[in-house]
There are 2 protein chains.
Amino acid sequence: MTDTKTRILDAAESLIAQHGFDVSLRAITAKAGVNLAAVNYHFQSKDALIDALVARRIAPINRLRIEVLDAVEREHPEGPLPLEAVIHAFVDPPLRMPGREDIRILFGRLYGTPGEFLHRLFEPHLKPLAARFRVAFARACPELPPADLMWRMHFTIGVMVHTMSWSRIISEITGGEVNSSDTEALIERIVRFTAAGFRAAVQDAQSQQGARHA
Amino acid sequence: MTDTKTRILDAAESLIAQHGFDVSLRAITAKAGVNLAAVNYHFQSKDALIDALVARRIAPINRLRIEVLDAVEREHPEGPLPLEAVIHAFVDPPLRMPGREDIRILFGRLYGTPGEFLHRLFEPHLKPLAARFRVAFARACPELPPADLMWRMHFTIGVMVHTMSWSRIISEITGGEVNSSDTEALIERIVRFTAAGFRAAVQDAQSQQGARHA
DNA sequence: GTTTTAATTATACGATTGTTTAAATCTCTG
DNA sequence: CAGAGATTTAAACAATCGTATAATTAAAAC
């Protein structure tokens, strides 16, 4: 019999992935097979439970992302970094996340609902990561203006998050035509798409001015 | 004094965009300045209110998307369609949506929480639209395998949705460095990024096999 | 002006929520 | 074995939720 604390976390993780963050503590404790009050005993509140739930998954993923990026930078101590390698370092760990598919959906749901949990999530987990990858992407695309770099990182996150949050129903709504079970092929599709997006020509200030009044 | 029904819709729209779909009817009716029971009188339930709220915004957007796509196809009755024009037809209407910024955030939140509202949303609103744009993208990228075509449409939606749902806080978390107030420039960035992604080389079956065991 | 319908109001209902309390049980130390 | 601390349990708390009811007011029709 596993630990009560982790059983609560597992049950909450699965239920939140399926039904959203407003699942009741009673549903969570029922699925975990523990008493209702156990949540407020081991964690302090429902919000603290969600924080612990998120931290448990994000922390190892971000650690792995940094490790992979470290290896890439070690192989290229100077000069431009290979763009595909940087993208891989960013998207592989969450997409290859071990365990149930629920975790991927939870991850996507987390990014899809900015405002509620994100301020508690961004400062400790995402902010240092974003700063780290920003300089890496800048080294991979030296000629890209800073604003475009940030936007294209943002777009890449959008591709990754949307793929994760729709991973369960994407095959359903396409009639099984599109399937996300082959993780490696999916990662390769994401990297090719976003890398080409990073390498796209940027709009110079003059044509921007023109497009605005077209 | 505007209509009670639209005042409820406006208030619900704004509050849901800010705080999610689990806002109370009391908060909605308080902001609208109407009585609590007015919601169950004019609509039948809270779910029906959300359905009406979504339909009110999605219907004209999708109508405009189809109109713009019709014009593109009329200008190119045969042969390949210009890829950028097809992407513009898809992403411009929601991003240029008139009215408050709340609507864009609501739109993004809707896509970010698949499963709850999406089955009620997909069949009537999204399914015919996806079928229509699928053939258009196929005409724009004739050499692209069907599976890759679907995935890259999916990625494009991810870029669009993520940009919309993060439009309010993106400038906040980047310290004002990245700003989404210039809609036309933002659209241009999205189109350049995704068009380059559509044109990226696809992975052939052989190298797929190899990558899977790499 | 009276009647009929539509719309709004105040109020209450049952159900569910997160959280707390106090007693019961278990676990381990001395 | 005794007892101190940790954990689990059942029960209840106040608050909030969506919804329904009945009465009241406004509007429209004849």
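Every chain is numbered from 1, with letters handed out A, B, ... down the list of sequences. Since this is a predicted model, take the numbers as computed values, not measurements.
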Contacts of B:Leu36 and B:Gly33 projected onto DNA chain C by closest heavy atom; the upstream (5') one is B:Gly33

Can you find a side chain N or O atom of B:His42 that sits less than 4.0 Å from OP1 or OP2 on C:dT8?
-> yes

Calculate the interatomic distance between A:Asp3 atom CG and C:dC26 atom C1'; express it in whole Å.
-> 15 Å

Between A:Asn40 (CG) and C:dT17 (C1'), how many Å, whole number?
-> 12 Å

Identify each donor-acceptor pair in which a side-chain atom of residues 101-111 of chain A lies under 3.5 Å from a protein atom, sequence neighbours left out, and give them as a table.
{"residue": "A:Glu101", "atom": "OE2", "partner": "A:Ser167", "partner atom": "OG", "Å": "3.4"}
{"residue": "A:Asp102", "atom": "OD1", "partner": "A:Arg168", "partner atom": "NH2", "Å": "2.9"}
{"residue": "A:Asp102", "atom": "OD2", "partner": "A:Ser14", "partner atom": "OG", "Å": "3.3"}
{"residue": "A:Asp102", "atom": "OD2", "partner": "A:Arg100", "partner atom": "NE", "Å": "3.3"}
{"residue": "A:Arg104", "atom": "NH1", "partner": "A:Leu95", "partner atom": "O", "Å": "3.2"}
{"residue": "A:Arg104", "atom": "NH1", "partner": "A:Met97", "partner atom": "O", "Å": "3.3"}
{"residue": "A:Arg109", "atom": "NE", "partner": "A:Ile16", "partner atom": "O", "Å": "3.2"}
{"residue": "A:Arg109", "atom": "NH1", "partner": "B:Glu116", "partner atom": "OE2", "Å": "3.0"}
{"residue": "A:Arg109", "atom": "NH2", "partner": "A:Ala17", "partner atom": "O", "Å": "2.7"}

Residues B:Val178 and A:Met150: closest non-hydrogen pair is CG2-CB, 3.3 Å

Can you tell me if the side-chain N/O atoms of A:Ser24 get under 4.0 Å from OP1 or OP2 in C:dT17?
-> yes

Among A:Trp151, A:Phe193, A:Phe137, find the residue that satisfies the ring-ring contact (aromatic ring centres under 6.0 Å, His included) test when tested with A:Phe198.
-> A:Phe137

Would you mind reading off the distance between A:Phe43 atom CZ and C:dT20 atom P, rounded to a whole angstrom?
-> 16 Å

5'-most contact on DNA chain C: A:Ser45 or B:Ala37, nearest heavy atom basis?
-> B:Ala37

Atom CG of B:Asn35 and atom C1' of D:dT25 are separated, to the nearest Å, by 13 Å

Could you tell me which non-hydrogen atom of B:Cys141 sits nearest to which non-hydrogen atom of B:Leu149, and how far apart they are?
-> CB-CD1, 4.5 Å

